[in-house]
A.B. asks: 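Structure below; questions to follow.
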2 protein chains.
Amino acid sequence: MTQHLTSFLEIDPQSDFTMHNLPYGIFSEIAQANKRVGVAIGDWVIDLAVLETHGLLQLDGNQNYFNQPTLNTFIESGKQNWQKVRQILQNLLSVDNPTLRDNAELRHSVFHPQNAVTLHLPIHVPGYTDFYSSKEHATNVGTMFRDPKNALLPNWSELPVGYNGRASSVIVSGTDIVRPSGQIKLPNSERPIFSATRKLDFELETAFIVGKATELGQPISIEDASDHIFGMVLLNDWSARDIQQWEYVPLGPFNAKTFASAISPWVVTMEALEPFKVKGPTQQPQPLRYLQENIANSYDIHLSVEVQTPQSQKSEVICQTNFKYMYWSMAQQLTHHTIAGCNVQVGDLMGSGTISGPTEDSYGSLLELTWNTTKPLTLSNGETRGFLEDGDRVVMKGYCEKDGIRVGFGQVENTILAAHKFEFNQTEEESYETV
Amino acid sequence: MTQHLTSFLEIDPQSDFTMHNLPYGIFSEIAQANKRVGVAIGDWVIDLAVLETHGLLQLDGNQNYFNQPTLNTFIESGKQNWQKVRQILQNLLSVDNPTLRDNAELRHSVFHPQNAVTLHLPIHVPGYTDFYSSKEHATNVGTMFRDPKNALLPNWSELPVGYNGRASSVIVSGTDIVRPSGQIKLPNSERPIFSATRKLDFELETAFIVGKATELGQPISIEDASDHIFGMVLLNDWSARDIQQWEYVPLGPFNAKTFASAISPWVVTMEALEPFKVKGPTQQPQPLRYLQENIANSYDIHLSVEVQTPQSQKSEVICQTNFKYMYWSMAQQLTHHTIAGCNVQVGDLMGSGTISGPTEDSYGSLLELTWNTTKPLTLSNGETRGFLEDGDRVVMKGYCEKDGIRVGFGQVENTILAAHKFEFNQTEEESYETV
């Protein structure tokens, strides 16, 4: 059982950002340009650049790790430093430590109220990979679009299917999403039309961030995989289902995804998640040897999606699921990613794939929740949704809780803006009807 | 008709690197670490960092553009600077200009023999996209693996199908290729095995390099697309066909490609290629309006592949084709890439897809040349090849020629090394048989 840590700060035990969490992000003070590394604690951001300047964060290498516009420099400095900062911060925040507790001036420069800062994309993302590791999600999609009797393709149970995403369009929570346009093929027309998507969807995912690079041609063994993972974020892998359905054969999703992939601003470290480790689902058939692991390598992370329409006063929960349902572990994903020789870089973002659970209210996309609009959702104010409409706001949240200790992810939220008006949009008048 | 330019340097008119070319690369002198920008001319590399230091390259912005480890800083500085450097270099190299011609000391520091330098990856590649734009290639693959009667999928003729590649494994010519290992599914076994690939293949491609970035949500119109393209390279998109066949449904190729994508070291600018513009194939059906262009937007680029085995004294040509066969233009590819809102970054690499021509000796992969090993190639020394074997060296070349003026790409070449020996390789003894 984890020992409860107590701070001199007042921290709501229901806060996502307890002493046990200490997630990293990039912030700037409002109306100031200087981006730097912060750690969330309660309603505050700890300014690591200020702590570093005051000599309170003595690390290996003795560089400037925290007056930086991304976390990459610090992450690259290695696992020993990640552990050291965690220990130093837990010590500095402790109710027994006078360094900050009794120095009002220093406290004033070190702690910023979260509502007085802007949060930025925490990571420079050199590569973005998205997996497809929820058996329930893959089964649902296969049932809808292929063959209900053979919903899972033969390779699905043998390897963590994944594909390369587009790193340039990874954005931070809060960024608005312009409804994408492109080619869609209506069921009864011979040729595609150009239109705004009528099937704009979210995908509830988590993602891990690579903390240790490899050279080309150097696979990561399943035993070493965890050493290469720095932390996790929430990921909304925005998707345009009609664009996707038309474009994705045979080379996979492209424009249906590359308009936006949004992540939460705080990176929760694997060390903070350690107490919440659980065993994942039994894998049958047993994977090939390079993917076999004999340790609990999943995490009990409660996940939810909320939607707020322009007509509603507040967001409401439309999906509740859990990371522990994922069939393939992050270690298996990373090992498989590198087995043929692909190198990874610090900051690489690896998405889980949509995380759906076993029940109909635990599906991680509207595609599944509304079964491709055949079962529209009814919201509490009477509105219905097949897919998302302009002005809708989607909020994803995640947290772990055990023995009264809470470690949360905060949230990733985006609002949908109307599509661009292209002069050659063939069907503007009917753009938001679902088909 | 282009006017012939004459230099005080002796340049073989059959050189790829004439006064009309002036391609950019990154070089270091052998046994020295300092990478910087060079331009190829005849058998020489022009040291642009030295020219810049001597004040001979006065550009907008007046920064350090050339004492840099990649071309990105220079490319980002904009099209005006690209044009200016071309003019300055053609002027400095001219037989009529005494600046370098009559200054032996300066010449000695400016010109390095190409055989006395190491060439590096010329670009930092933030994103790598690969298209699939040769109708002949897509038809061949569809005929072999799907349905000969419906070889082209319905979306193929409506949009330039593409997918996200892996930027981290883009390598420069000369880098050895370790034969990748992974899951392959033999025809008569129920489950996949772990093995080195038995179907290692090349893909003859070109790629363009993005020269001007966009913001997320800002599509590039077909009229503006050319302004966003800096230049072109040769690309060997290395592929493991057996890994690919097992993994690629439904999300596209992944480990079958991410072990290596090799490019030629010299980036040929679009300005140098301008005289070789030709009309591409007629597009039927006429594309949707956002993809319609009314100008010649293809290029007459002769392409070839040579193979050298460990037993042969020299490489021999096994494929000859031409870029002009490409169905979708680079402008159409880039416009389609951004139409849903995806942003592009300076240095993004956009592959053409395998370039196959109409005849059997113009196919751009061994998969097609040997029709998936059913028609093995016989080399001049009597050896045969279905796919590539360890020690084989693959060389791709490309050039334009018109009115006695030549602009060439040099080459991209790699040699295949034996696979890693994994303790869990199930079938080491039979790893290189094709199936």
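Throughout, a chain's letter reflects where its sequence line sits, starting with A, and its residues are numbered from 1. Owing to the predicted nature of the structure, the values given are computational and were not obtained by experimental measurement.
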A.B. asks: Indicate the atoms forming the closest heavy-atom contact of F422(B) with P219(A), along with that distance.
C.D. replies: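 Scanning both residues completely, I find the closest heavy atoms to be CZ-CG, 3.7 Å.
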A.B. asks: Write out, in numerical order, the residues from residues 166-176 of chain B with a heavy atom short of 4.5 Å from a heavy atom in chain A.
C.D. replies: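 From residues 166-176 of chain B, the residues near chain A are R166(B), S168(B), S169(B), I171(B).
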A.B. asks: If you compare all heavy atoms of F259(B) against all heavy atoms of A340(A), which two are closest, and at what distance to 0.1 Å?
C.D. replies: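 Distance-wise, the nearest heavy atoms are CB-O, 3.2 Å.
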A.B. asks: In terms of heavy-atom pairs under 4.5 Å, which option from G142(A), A256(A), P285(A), P126(A) contacts chain B the most?
C.D. replies: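 Heavy-atom pair counts peak at P285(A).
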A.B. asks: For the residue pair Y132(B) and P250(A), what are the closest heavy atoms and their distance?
C.D. replies: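 Distance-wise, the nearest heavy atoms are CE2-CG, 4.2 Å.
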A.B. asks: Applying side-chain hydrogen bond (donor to acceptor under 3.5 Å, both in side chains), can you list everything that pairs with T129(B), at least two apart in sequence or on another chain?
C.D. replies: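 Only H337(B) meet the side-chain hydrogen bond (donor to acceptor under 3.5 Å, both in side chains) criterion with T129(B).
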A.B. asks: Pick one of side chain, backbone, both or neither for V141(B), based on which atoms fall under 4.5 Å of a heavy atom in chain A.
C.D. replies: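 Contact with chain A: none, neither part.
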A.B. asks: Please state whether the side chain, the backbone, both or neither of F131(B) comes within less than 4.5 Å of a heavy atom of chain A.
C.D. replies: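 For F131(B), the contact with chain A is made by the side chain alone.
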A.B. asks: If I compare all heavy atoms of N164(B) with all of P253(A), which pair ends up nearest, and what's the gap?
C.D. replies: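 Heavy atoms of N164(B) and P253(A) come nearest at ND2-O, 4.2 Å.
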A.B. asks: Could you have a look at G182(A), S221(A), G165(A) and say which one has the most heavy-atom pairs with chain B under 4.5 angstrom?
C.D. replies: G165(A)
A.B. asks: Can you tell me which of R289(B), H336(B), R191(B) forms the most heavy-atom pairs within a distance under 4.5 Å of chain A?
C.D. replies: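 When all of R289(B), H336(B), R191(B) are compared, R191(B) has the most.
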A.B. asks: Select one option (side chain, backbone, both, neither) describing which atoms of L216(B) are under 4.5 Å from chain A's heavy atoms.
C.D. replies: side chain
A.B. asks: Can you tell which part of P287(B) gets under 4.5 Å to a heavy atom of chain A, answering side chain, backbone, both or neither?
C.D. replies: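 The answer is the backbone of P287(B).
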A.B. asks: Name the region of D348(B), side chain, backbone, both or neither, that has any atom closer than 4.5 Å to a heavy atom of chain A.
C.D. replies: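 Just its side chain gets close to chain A.
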A.B. asks: Judged by atom type as modelled, is there a donor-acceptor pair below 3.5 Å linking the side chain of N155(A) to the main-chain atoms of V249(B)?
C.D. replies: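 Checking the backbone N and O of V249(B) against the side chain of N155(A), a donor-acceptor pair under 3.5 Å is found.
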A.B. asks: Can you tell me how far the CZ atom of F254(B) sits from the CG atom of D130(A), to the nearest 0.5 Å?
C.D. replies: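 Going from CZ on F254(B) over to CG on D130(A), the span is 9.5 Å.
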A.B. asks: Given the options G341(A), A260(A), G217(A), which has more heavy-atom pairs under 4.5 Å with chain B than any of the others?
C.D. replies: G217(A)
A.B. asks: Given the options L159(B), V161(B), V178(B), which has more heavy-atom pairs under 4.5 Å with chain A than any of the others?
C.D. replies: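 Max contact count across the listed options: L159(B).
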A.B. asks: Between W246(B) and P154(A), is any pair of side-chain heavy atoms under 4.5 Å apart?
C.D. replies: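 Side-chain contact under 4.5 Å: yes.
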A.B. asks: What heavy-atom pair brings I339(B) and N255(A) nearest, and what distance separates the two atoms?
C.D. replies: CG2-ND2, 3.6 Å
A.B. asks: For F194(B) versus L288(A), what's the shortest heavy-atom pair and its separation?
C.D. replies: N-CD1, 3.8 Å
A.B. asks: Donor-acceptor pair, distance only, cut-off 3.5 Å: does the side chain of Q183(A) make one with the backbone of E158(B)?
C.D. replies: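 Side chain of Q183(A) to backbone of E158(B): a pair is present.
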